[in-house]
Amino acid sequence: MKYEALMRKCIELARGGEGKVSPNPLVGCVVLNKDNEIISTGFHRKCGENHAERNALLKLSAGEAAGGTLIVNLEPCSHYGKTPPCADLIIEKKIKRVIVGMHDVNPIVRGSGIKRLREAGIEVIENVLEDECRELNEIFIKNMQKRSAFVAIKTAVTLDGKIAAKNGSSKWITSAAAREEVKHIRNKYDAILTSSATVIADNPTMAHKNKIIIDRELKTDFYNANIYSNGDKFVFYDKNIQPDNSKMPPKSLLEEKHIRLCPAPAVGDKIDFKSVLDEIYKIGIMSVLVEAGGKLNGSVLPYADKIYQFIAPKILGDNEGLSCFDFRKADSIGEADIFKIKRTEFFPPDLMLVLEK
Ligand code: AOF
Ligand code: ZN
């Protein structure tokens with residue numbers, strides 16, 4: 001039997017947990033009876049709640065899954081965490097065969113879930129649609145292997161690579177369909193990150209549960225800027241600014257607006273981005289989507305795992321270098337930063353490129 005289509009279904013189910021399962025992985029599960037008919041599905045809905053396999057298996061009556069097959073995009077767990085081990089429940093339900101998309105990269109599980117299933121006499125088929133399963137959980141994999149946050153950059157540019165017109169207007173480079181997709185992309189990440197320059201130039205709202213604002217000199221309008229109108233905000237500023245500085249917002253305002261001020265080291269006229277990344281990981285933010293101007297994009301680039309580049313078929317012509325990655329100049333093609341195009345998608349009339357290191 002071919003399990004690719006059913007694994008694809010697991011991946012689709014797993015996406016139902018986007019925006020809610022972090023720091024856990026996205027997991028979906030399909031259960032077949034002994035006649036290979038789908039009898040249940042489930043997914044991990046929220047961190048702290050049941051895992052995908054448990055959600056799928058607990059919907060079934062006694063004996064219904066016996067002799068059946070369970071398909072899941074991540075190796076079933078073998079540890080007592082917030083819930084008991086999924087491997088034990090699979091054994092208890094007398095499943096005969098388990099199809100796994102990828103090994104769990106969490107060191108407390110890695111391989112031991114599959115081992116436990118095999119020791120109980122269950123047939124395990126591994127690595128079905130492994131590449132897709134790894135892409136689905138690229139954030140979880142980076143977190144587990146590098147112990148740092150996954151970093152993605154989103155930009156919207158004209159055909160000639162500009163992020164704004166000379167008068168500063170950048171809001172309408174891409175069309176409604178592309179902007180709708182950006183909302184879906186934001187939902188995949190624990191936080192969005194932007195700069196004081198973008199907040200001051202565009203006054204964006206960027207609706208999200210967590211927002212990180214790099215505001216070295218505390219120049220943004222904490223009272224009125226749209227960015228502070230919803231969600232929890234983490235504002236990184238130069239740690240040398242003293243608490244009695246006139247730009248420092250009062251405690252009562254910070255509490256009322258859910259703003260946490262985070263002092264950070266500055267190198268020259270920039271906040272050190274590496275220290276921001278380390279700090280947000282400590283706070284529990286496992287992934288960020290950067291939506292900012294060329295300067296911040298340029299300093300983030302060395303840490304970027306992924307770029308979403310929207311391209312609008314519009315040409316502005318030379319407008320004083322409002323480039324989407326404004327950092328140093330490469331003197332030759334050999335010095336350029338190189339990314340791979342993973343996938344393209346058309347949001348008429350605009351194009352989206354998804355790139356990786
Ligand atoms: C699965 N199925 O649906 C998930 C798994 O804190 P806990 O107890 O929820 O455990 C989290 C760990 O369990 C997580 O890091 C990963 O190794 C595994 N997650 N495993 O079989 C699931 N969410
Ligand atoms: Zn589990």
J.: Can you tell me which residue among Leu117, Leu57, Val30 is in a side-chain contact (heavy atoms from CB on, under 4.5 Å) with Leu70?
T.: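 The option that passes is Leu57.
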J.: Does a side-chain heavy-atom distance below 4.5 Å link Phe310 with Ile185?
T.: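 SC-SC contact between Phe310 and Ile185 confirmed.
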J.: Tell me, yes or no, whether the heavy-atom count around Lys357 atom NZ, taken from other residues, nucleotides or ligands under 6.0 Å, exceeds 12.
T.: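 More than 12 heavy atoms, drawn from other residues, nucleotides or ligands, come within 6.0 Å of this atom.
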J.: Within the side chain of Lys154, is there an N or O that forms a donor-acceptor pair under 3.5 Å with the backbone of Ala152?
T.: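 The answer is no, because no donor-acceptor pair under 3.5 Å joins these two groups.
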J.: Do side-chain atoms of Asn297 reach the backbone of Ile153 as a donor and acceptor pair under 3.5 angstrom?
T.: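 No, the answer is negative, given that no donor and acceptor are paired below the 3.5 Å cut-off.
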J.: Contact between Val288 and Tyr303 at the side-chain level, heavy atoms closer than 4.5 Å - yes or no?
T.: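 No; the side chains remain at least 4.5 Å from each other.
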J.: Quick one: salt bridge (Lys or Arg N to Asp or Glu O under 4.0 Å) partners of Glu64, sequence neighbours excluded?
T.: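 Scan of Glu64 (salt bridge (Lys or Arg N to Asp or Glu O under 4.0 Å), adjacent residues dropped) gives none.
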J.: For residues Pro107 and Met144, determine if any side-chain heavy atom of one lies less than 4.5 Å from a side-chain heavy atom of the other.
T.: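 Touching, per the 4.5 Å side-chain cut-off.
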J.: Regarding Thr174 and Asp350, do their side chains bring together a donor and an acceptor under 3.5 Å, going by distance alone?
T.: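 Absent: no donor and acceptor within the cut-off.
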J.: Can you tell me how far the CD1 atom of Ile285 sits from the CG atom of Asn143, to the nearest 0.5 Å?
T.: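 Here the rounded value is 12.0 Å.
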J.: Look only at the side chain of Lys247 and the backbone of Lys219, and say whether a donor-acceptor pair between them is shorter than 3.5 Å.
T.: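 Answer holds: no.
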J.: Is the side chain of Lys211 donor-acceptor paired with the backbone N or O of Thr205 at a distance under 3.5 Å, no angle test?
T.: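 Indeed, once roles are kept as given, a pair shorter than 3.5 Å links the two residues.
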J.: For the side chain of Glu132 and the backbone of Glu130, is there at least one donor-acceptor N/O pair under 3.5 Å apart?
T.: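 The answer is no, because no donor-acceptor pair under 3.5 Å joins these two groups.
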J.: Under 4.0 Å between a side-chain nitrogen and a carboxylate oxygen: does that hold for Glu279 and Lys282?
T.: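 Salt bridge present between Glu279 and Lys282.
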J.: Is a donor on one side and an acceptor on the other found under 3.5 Å between the side chain of Asn33 and the backbone of Asp35?
T.: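 Checking the backbone N and O of Asp35 against the side chain of Asn33, a donor-acceptor pair under 3.5 Å is found.
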J.: Hey, what do you get for CG (Leu289) to CD1 (Ile212), rounding to the nearest 0.5 Å?
T.: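 One finds 10.5 Å between CG of Leu289 and CD1 of Ile212.
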J.: Closer than 3.5 angstrom, by distance alone: can the side chain of Thr158 be matched with the main-chain N or O of Ile315 as a donor-acceptor pair?
T.: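 Checked: no pair found.
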J.: Using residues 133-140 as the side-chain source, report each donor-acceptor pair under 3.5 Å to any protein atom, sequence neighbours left out, with the distance given to one decimal.
T.:
unit_1, atom_1, unit_2, atom_2, d
Asn137, OD1, Leu26, N, 2.7
Asn137, ND2, Leu26, O, 2.9
Glu138, OE1, Lys306, NZ, 3.4
Glu138, OE2, Lys306, NZ, 2.7

J.: For Lys59, look at atom NZ and say whether over 12 heavy atoms of other residues, nucleotides or ligands are found less than 6.0 Å away.
T.: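 Atom NZ in Lys59 is crowded, with more than 12 foreign heavy atoms closer than 6.0 Å.
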J.: Please name all residues satisfying ring pair (Phe, Tyr, Trp, His ring centres under 6.0 Å) with His51, sequence neighbours left out, ordered by chain then number.
T.: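 His44.
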J.: Near Lys96 NZ, under 6.0 Å, is it more than 12 heavy atoms from other residues, nucleotides or ligands?
T.: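 Atom NZ in Lys96 is not packed in, count stays at 12 or less.
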J.: Going by distance alone, is a donor N or O of one side chain under 3.5 Å from an acceptor N or O of the other, for Thr220 and Tyr228?
T.: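 Yes, side-chain donor-acceptor contact under 3.5 Å.
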J.: Whether the side chain of Arg186 engages the backbone of His208 through a donor-acceptor N/O pair (distance < 3.5 Å, no angle test) should be reported.
T.: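 No; zero donor-acceptor contacts below 3.5 Å.
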J.: Got Asp221 and Asn203 here, is their nearest side-chain heavy-atom distance under 4.5 Å?
T.: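 Asp221 vs Asn203: side chains apart.
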J.: What heavy-atom pair brings Phe347 and Ser175 nearest, and what distance separates the two atoms?
T.: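 Smallest interatomic distance, heavy atoms only, reads O-OG, 4.2 Å.
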J.: For Ile227 and Lys233, work out which heavy atoms get closest and say how close.
T.: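 For Ile227 and Lys233, the tightest heavy-atom pair comes out as O-CD, 3.8 Å.
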J.: When you compare the side chain of Asn73 with that of Val27, does any pair of heavy atoms fall below 4.5 Å?
T.: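 When only atoms from C-beta onward are counted, Asn73 and Val27 do touch, with a gap below 4.5 Å.
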J.: Could you tabulate the donor-acceptor pairs under 3.5 Å formed by side-chain atoms of residues 248-261, not counting sequence neighbours?
T.:
unit_1, atom_1, unit_2, atom_2, d
Lys257, NZ, Tyr223, O, 2.8

J.: With a cut-off of 6.0 Å (strictly less than), are more than 12 heavy atoms of other residues, nucleotides or ligands near CZ of Arg97?
T.: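 More than 12 heavy atoms, drawn from other residues, nucleotides or ligands, come within 6.0 Å of this atom.
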J.: What residues, two or more places apart in sequence or in another chain, satisfy side-chain contact (heavy atoms from CB on, under 4.5 Å) together with Asp305?
T.: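 For Asp305, the residues satisfying side-chain contact (heavy atoms from CB on, under 4.5 Å) (neighbours in sequence not counted) are Lys142, Phe150, Val151.
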J.: Just jot down the side-chain contact (heavy atoms from CB on, under 4.5 Å) partners of Ile341, sequence neighbours excluded, or say none.
T.: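 Once residues adjacent in sequence are excluded, the partners of Ile341 under the side-chain contact (heavy atoms from CB on, under 4.5 Å) criterion are Thr344, Leu353, Leu355.
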J.: Evaluate the side-chain proximity of His184 to Glu181: yes if any heavy-atom separation is below 4.5 Å, no if none is.
T.: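 Yes - at least one pair of side-chain heavy atoms lies under 4.5 Å apart.
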J.: Would a distance-only check, ignoring hydrogens and angles, find a side-chain to backbone donor-acceptor pair under 3.5 Å from Lys162 to Gly317?
T.: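 Judged by distance alone, yes, a pair lies under 3.5 Å.
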J.: Spell out, as yes or no, whether a donor-acceptor pair under 3.5 Å connects the side chain of Asp160 to the backbone of Leu316.
T.: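 Confirmed, Asp160 side chain pairs with Leu316 backbone.
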